[in-house]
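These notes are about the structure you will find just below.
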Amino acid sequence: GADMPEASDTQSILRQNLVDAGCGLELIRQCTALIQQKEIAKLMQVLSCHRRTLLDAVHQNEKRIDCLDYLIDTLEKQND
C-alpha cells in the first residue's frame, strides 16, 4: 500500500546514518533486523555499545596526539 515507500525510505535513511556512524555491514544488518523486529531496547543497547567503542578510539587518539605534541615540543626545544 501507500506505506511501503515510506518504510523503505526510513530504512535507507537509517542505513545511511549507520554507515555515516562507522558501522560495519554486520552491525548494520543487526540493527536493521532489530528494527524490523521492533526490538528497540535491544537496538539502543547495540548503538550505545558502538558509541562506547568510538569514544574509546577518540580517547586513544587523544593520548597519541599528546605523545606527538610532547615529542614535537621536545624537538623544537632541542633545535632552538
Side-chain angles (χ1 to χ4, degrees):
D3 292 355
M4 286 313 291
E6 212 172 282
S8 68
D9 280 357
T10 306
Q11 203 109 46
S12 66
I13 288 165
L14 175 88
R15 194 183 172 80
Q16 188 55 52
N17 200 299
L18 292 169
V19 169
D20 292 344
C23 298
L25 281 177
E26 193 46 52
L27 191 56
I28 292 170
R29 264 198 289 272
Q30 190 183 2
C31 291
T32 306
L34 289 170
I35 285 164
Q36 285 167 348
Q37 295 155 18
K38 308 258 190 284
E39 296 271 4
I40 303 308
K42 179 82 177 116
L43 174 67
M44 299 294 271
Q45 279 182 314
V46 170
L47 293 178
S48 291
C49 184
H50 182 62
R51 188 182 188 283
R52 269 197 304 280
T53 304
L54 291 176
L55 198 57
D56 287 346
V58 168
H59 293 150
Q60 200 176 21
N61 281 323
E62 281 175 344
K63 283 184 194 140
R64 290 170 176 162
I65 289 167
D66 287 344
C67 289
L68 263 179
D69 286 347
Y70 174 78
L71 178 61
I72 290 166
D73 198 47
T74 305
L75 290 169
E76 281 174 345
K77 284 187 177 123
Q78 284 177 353
N79 288 319
D80 270 356

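Note that these values count all heavy atoms, side chains included, but never hydrogens, waters or copies made by symmetry.
Membership of an apolar cluster is not assigned to Leu25, as no side-chain contact below 4.5 Å to another ILVMFWY residue is traced.
Rounded to the nearest 0.5 Å, atoms CG (Leu55) and CZ (Arg51) are 6.0 Å apart. Rounded to the nearest 0.5 angstrom, Ile13 CD1 and Gln16 CD are separated by 10.0 Å. Between atom CG of residue Asn17 and atom OG1 of residue Thr10 there is a gap of 12.0 Å, rounded to the nearest 0.5 Å. We find the CG-CG distance between Asp73 and Asp66 to be 11.5 Å, quoted to the nearest 0.5 Å. The CG atom of Leu43 sits 10.5 Å away from atom CD of Gln37, with the distance rounded to the nearest 0.5 Å.
What you find for Gly22 and His50 is that their closest heavy atoms are O-CE1, 3.6 Å.
For Val46, the side-chain contact (heavy atoms from CB on, under 4.5 Å) criterion is met by Leu27, Gln30, Cys31, Leu34, Lys42, not counting sequence neighbours. Evaluation of the side-chain contact (heavy atoms from CB on, under 4.5 Å) rule for Leu14 yields Leu18, Ile35 as partners, not counting sequence neighbours. With sequence neighbours left out, Thr74 forms a side-chain contact (heavy atoms from CB on, under 4.5 Å) with Tyr70, Gln78. Qualifying side-chain hydrogen bond (donor to acceptor under 3.5 Å, both in side chains) partners for Arg29, counting only residues two or more places apart in sequence or in other chains: Glu26. With sequence neighbours excluded, the residues forming a side-chain contact (heavy atoms from CB on, under 4.5 Å) with Glu62 are Val58, His59, listed by chain and number.
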**Request:** Begin from the C-alpha positions of Leu75 and Leu71 and carry the test side-chain contact (heavy atoms from CB on, under 4.5 Å) through to its verdict.
**Result:** CA-CA 6 Å; Leu75 290 169; Leu71 178 61; 4.0 Å; yes

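Hydrophobic cluster membership differs between Leu54 and Val19, with clusters built from Ile, Leu, Val, Met, Phe, Trp and Tyr side chains linked at under 4.5 angstrom.
Judged purely by distance below 3.5 Å, without hydrogens or angles, the side chains of Gln60 and Asp56 never pair a donor atom with an acceptor atom.
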